Amino acid sequence: MSARHDESRAMEPKIQSTSWNPEIEKAILKQWEEQDIYRFTISNKPAFVIDTPPPYPSGRPWHIGAAAHYAQIDMIARTARMNGKNVLFPIGIDRNGLPVEIYTEKKHKVRMRQMDREKFLELCKVALDDLEAEMIQIMKGMGVSGNFKEHYRTDSDDYRALTQLTFIELWNRGLVYLANRPNNYCPDCGTTIADAEIIYNEIPTKLVYMKFKIKETGNEVIIASTRPELLFACQAVIVNPADARYKNLQGSHAILPLFNREVQIRPHRSAKPEFGSGAVMVCSYGDQNDVQVFRELGLKEIVALNDNGLTTDAAGQYAGLRINQARTKVIEELVTSGLIVKEENIMHRTPLCERSKTPIEIIPLHDYYVKQMDFVPQLRELAFKLKFHPDMHRQILLNWLDSIAIDWPVSRRRFYGTEIPIWYCNTCKAPNLPVPGRYHRPWKEKPPFDKCEKCGGSEFTGEDRTFDTWMDSSISPLFITKFGNDQKMFSYAYPTAIRPQAKDIIRTWLHYTMLRCVQLTGKMPWDEAWIMGYGVDEKGEKMSKSKGNVVDPFPVIQKYGADTFRFWSASQANLGYDFRCSEQKIAGSQKFLSKLWNIGRFLSSFEVVEERPELEASDRWMMAELVRLVEECRKGYEEYNFFVPANAIRDFTWNLFAAHYVEMVKGRAYSNENNSAKMSALYTLHRCLSTILLLMAPIAPFISEELWTKIYSKETIHLQPMFREEKADSDVRKYTKQIIDFNSMVWNKKKATIKDGKPLSLKDPIGIPVPDELALFAKDLKEMHNLV
RNA sequence: GGAUGGGUGGUCUAGCUUGGUUAGGAUACCUGUCUCACACACAGGUGGUCGAGAGUUCGAAUCUCUCCCCAUCCA
C-alpha cells in the first residue's frame with residue numbers, strides 16, 4: 001500500500017474556504033491603513049516619486065480603462081516599494097477648466113456668462129465633490145497604495161498659486177508675450193471658444209460659383225465658395241500647383257466681383273482640383289484652412305467680423321450685418337449683376353459651437369503665448385534621453401515636436417480656471433504682475449501694489465481671463481515635490497522617477513510638462529515615462545458616452561473584487577497597447593485567483609520547511625523552473641510591464657506547478673515518515689508558493705497578503721524584497737517537456753481504458769513503465785499515477 | 001490627407017527584433033470524471049497555415065516590396 005491510501009493525514013489546512021472571497025479585501029484594507037505601511041517621509045532610502053495623473057471626475061461612470069490604468073500605476077508603486085525604494089504616490093484630482101463649467105451648467109441649468117461670476121465659481125467649486133468622493137472610494141477599494149491622507153486638487157488655492165508663480169517666473173524671464181491671432185468665436189454665444197467645445201456636423205449649404213476677372217488677360221475664372229459673404233475679406237485665390245487648367249494663371253491677379261479689388265492668384269497644395277472649379281478664394285478667415293494658408297503665404301488679414309459677430313467696415317456697403325444677412329445681400333447683388341454661374345447644394349462638414357449649434361467663426365484675438373518654438377530642439381534631444389516604456393511611444397512625442405508651428409496660447413476666456421495674475425494700469429495700459437506666492441484673482445481683487453511700475457498710475461483693471469488648464473496640469477511634478485515651497489523636499493524628490501500616463505495625451509500633458517519643467521528648473525521632470533494604451537470595448541473601439549459602450553468599473557469591482565480586476569488588467573493589457581474590456585475576461589481572471597487560493601489552502605496543511613535540504617530530482621527540476629519564472633518576471637517588472645509577470649505566473653502556477661509538480665510530490669508530502677524525501681518536497685512546495693506570492697504581490701496585493709500572512713509570516717508581504725537568492729541547475733529543465741508528455745500519455749491511456757463500462761479513474765492502477773530518460777523521477781511518477 | 005499601432009483556429013492573444021522540429025496559451029465549444037487543495041476543478045477532444053499577392057531563401061507567421069482592411073491621434 002502506498003502512502004496515498006494511508007490513513008495518516010497532514011495537519012488540518014489553516015484555510016477552510018475553497019474559494020477566494022473578495023470580502024476579505026475590506027479587512028485587509030483596514031489593516032494596511034492601521035499599519036500605515038505606505039507612508040512617505042524623507043529618508044536616506046532613495047526616493048521614487050511617481051508623477052501620477054490626476055484624474056478628472058467629469059462624470060459618471062469613471063472610465064474602466066482609467067481605473068485599470070490606476071491599478072497598474074499602483075503596481076509600479078508596489079514594485080518599487082518591494083525593491084527598497086521610498087515611494088511617493090500622490091493622489092491628485094483634476095478639477096479645473098471647461099468640463100466642470102459645462103457640468104455645472106447642466107447640473108444647475110444655468111449659463112456661465114449670464115450669471116454672476118462669483119456665484120458660478122461657487123457652484124463649480126463643489127460641483128465635482130460627489131464624483132470625486134466616488135472616484136477616491138473606487139481607488140481605495142482597488143487597493144491603490146497612494147497618499148490619500150494628503151490628496152490634492154488642481155483647483156485648490158495652493159495649486160493655483162503655484163501655477164501663477166510659475167507664470168510670473170516665465171513672464172519675468174521674457175518667455176511670455178501677447179499676440180493677435182485668429183481664434184474660434186461663436187457669434188451666438190458672443191465669445192471665443194476652445195477647440196474642445198467645437199463639434200463637427202455635415203450640414204447642407206450652397207456652393208456658389210462666381211465669376212472673377214483676370215486682371216492681366218481680361219478673361220474670367222470661375223471660383224466656387226461656400227462663403228460668398230466673405231468676398232470682401234478675400235486676400236488671394238489659390239489653385240493646386242499640379243492643376244494643369246490654371247498653370248498659366250499662377251502669378252497673375254484676380255479682380256473681386258462687387259468690390260473690384262485685385263488679389264494674387266497663387267499655388268497652394270490645399271486647393272483640391274476636384275472641389276468646385278478647383279480655384280479657391282482665401283478669406284480671413286473662412287475656416288481653419290484659411291488660417292493656415294494665410295500663415296503660409298504671409299497674407300495680411302482683413303478683419304471680417306467684430307466682437308459682436310457683425311461685419312466690419314471693411315465690408316463696405318455690407319457692414320454692420322449679421323453673417324446670414326450679409327450672405328443674402330451679397331448673393332442677391334451677385335445674381336443681379338450676373339456674376340453667378342450656378343449654385344450647388346452640397347453637404348459641408350462645418351464646425352459648430354457645441355452648445356448653440358451655431359457655425360463658429362474665426363476672428364483675430366489678443367492672447368498670451370508661452371514660447372515653445374525656441375525650446376523644441378532641446379526638447380527633442382531630451383526626448384531621446386527619456387526612457388520610454390514601451391520604447392515605441394517616443395515616436396508620438398517626436399512627431400508632435402516636429403509638427404509644432406506656433407507658440408503655446410495660454411489665455412482662455414473661461415471662468416473656472418487659474419486666473420492670469422495681471423493688472424493693467426488704467427493710465428498707460430501696462431501690465432503689472434504681483435510678487436508670486438499667494439493665489440491672486442485679479443478680476444475681483446485689488447492689486448497687491450499701489451503704483452504702476454511703468455507710469456506710476458494708481459488705478460488698475462484686473463485681467464479677467466484664465467489659463468489653459470494644461471498650464472496647471474503641466475506642473476504636477478513641481479507641485480508634488482513642493483517646488484517653491486519646501487526646498488529640502490524638492491531637492492530630495494525632484495526630478496521624479498516616473499511619469500505614468502495614457503498615450504493619447506503625450507502631445508499635451510507629457511509635452512507641456514517637459515516644456516514647463518525644463519523652462520523652470522533646467523532639468524527633465526522624470527527619468528522614465530510609462531505610457532499605457534487605451535481601454536477599448538470588446539470590439540476594439542474606443543469607449544464613449546455617445547456610442548453607449550462605456551463600461552462602469554464600480555459594479556465590476558464590487559462583483560469580482562479588486563484583485564480579480566487588477567489581475568485582469570495586468571494580464572490583459574500589454575504595455576503600451578490598447579486593451580479590450582469584457583466582463584468575460586474579468587470573470588476568467590477570477591478563476592486563476594481561485595486556483596491560487598486553493599493551492600494556498602492545500603499547502604497550508606503542511607508544515608513550512610524553510611531550511612533547504614538536499615533536494616530530490618523532482619524538486620530540483622521544479623526549482624529550476626521556478627528560477628526561470630523569477631527571471632522572466634524580473635524582466636517584466638524592470639519594464640513595468642505587468643502583462644509579462646501576470647501571464648508567466650499564471651502559466652507556471654497552473655500548468656506546471658499545480659498540474660504536474662504538485663501531483664508528483666503528493667505522495668512524499670502526505671507521507672507520515674518525516675524523512676528527507678518529505679522535507680525536500682515540503683521545502684520545494686513552500687518555496688514555490690511563497691515565491692509566487694512575492695511575484696504576485698504588486699499585481700494582486702490582497703490575496704497575496706492573505707496567503708502570505710496566513711502561511712508564512714506576520715509581516716506584510718508588501719515590504720518584503722520581491723526577489724530572493726535562489727540556486728538551481730537550469731540543466732534539469734530539459735526534462736520539462738518529457739515529464740509533461742509522459743503524464744499526458746498516462747492520462748490518455750487511463751481515459752482510453754474502459755473498466756466496468758467506465759474509463760479508468762486517475763487513481764486506478766495501470767501498468768505503464770517509466771521511460772529510461774525519466775528514471776530520475778521514476779519514484780514520484782509511479783506514485784503519482786499508481787503505476788504497477 | 002498625414003502619423004502611429006495592428007490584422008494568427010468562434011473570440012482574445014504569445015511568438016516576429018536574432019527566419020529552422022507537430023504555430024504556444026486563454027476563453028468558448030464537445031465528451032468523460034466528484035481522483036484525499038480546487039467541479040471557479042480534473043482528464044480527453046474538435047478547430048488555425050499565421051490579411052492578400054509577389055520576392056529573398058534549402059527553409060518564412062518571422063526578412064523585403066506592393067496592395068487591402070481595422071483602430072487611434074492629428075489635419
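Treat the numbers as computed from the prediction; the structure is a model and nothing was measured. We name chains A, B, ... by the order of the sequence lines, and we start the count at 1 in each one.
- Here the nucleotide nearest the side chain of A:F643, chosen from B:U35, B:A41, B:U13, is B:U13.
- Among B:U35, B:A26, B:C40, the nucleotide with an atom closest to any side-chain atom of A:S594 is B:C40.
- With B:A41, B:C38, B:G32 as the candidates, the nucleotide lying closest to the side chain of A:K751 is B:G32.
- A:N289 comes within contact range of no nucleotide atom at all, as no heavy-atom separation falls under 4.0 Å.
- One C1' atom belongs to B:U56, the other to B:C65, and the distance between them is 11 Å to the nearest Å.
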Q: Going 5' to 3' through nucleotides 4-9 of chain B, assign each nucleotide B (protein heavy atom under 4.0 Å from a base atom), S (under 4.0 Å only from sugar-phosphate atoms) or - (no protein heavy atom that close).
A: SSS---

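- Listed nucleotides: B:G32, B:A41, B:U13. Nearest to the side chain of A:R580: B:U13.
- Base contact: A:A658 has a heavy atom under 4.0 Å from a base atom.
- Within the nucleic acid shown, A:K750 has no heavy atom closer than 4.0 Å to any nucleic acid atom.
- Relative ring orientation between A:F642 and A:W530 is described as tilted, the plane-to-plane angle lying within the 30° to 60° band.
- Here the rule is ring-ring contact (aromatic ring centres under 6.0 Å, His included) with A:W20, and of A:F567, A:W597, A:Y560, A:F592 only A:W597 fits it.
- Aromatic ring centroids of A:H389 and A:Y640 lie under 6.0 Å apart.
- Of all nucleotides listed (B:C73, B:A41, B:G44), B:G44 comes nearest to the side chain of A:N748.
- B:C68 sits 10 Å from B:G53 when the C1' atoms are compared, rounded to a whole Å.
- Between B:U35, B:U27, B:C42, one nucleotide has an atom nearer to the side chain of A:K763 than all others, and that is B:U35.
- No more than 12 heavy atoms of other residues, nucleotides or ligands shown are found within 6.0 angstrom of CD on A:E673.
- When the nucleotides B:C40, B:C42, B:A28 are ranked by their closest atom to the side chain of A:Q584, B:A28 comes out on top.
- Each of B:U13, B:G44, B:A41 was ranked by its minimum atom distance to the side chain of A:W747; first place goes to B:G44.
- Listed nucleotides: B:A43, B:U27, B:C38. Nearest to the side chain of A:A659: B:A43.
- Looking at heavy-atom distances under 4.0 Å, A:W568 makes no contact with the nucleic acid at all.
- Rounded to whole Å, the P atom of B:U62 lies 49 Å from the corresponding atom of B:U35.
- Out of B:U13, B:G44, B:C74, the shortest distance to the side chain of A:R507 is found at B:C74.
- We find that A:E631 and A:R634 are joined by a salt bridge, their nearest charged nitrogen and carboxylate oxygen being less than 4.0 Å apart.
- Using a 4.0 Å heavy-atom cutoff across all strands shown, A:N574 reaches sugar-phosphate atoms only and no base atom.
- Among the protein residues, A:S744 comes within range of the sugar-phosphate backbone only, with heavy atoms under 4.0 Å from sugar or phosphate atoms but none that close to a base.
- At a threshold of 4.0 Å, the pair A:R628-A:E632 counts as salt-bridged, since one of the basic side-chain nitrogens sits closer than that to a carboxylate oxygen.
- A salt bridge between A:R380 and A:D402 is present, with a side-chain N of the basic residue lying under 4.0 Å from a carboxylate O of the acidic one.
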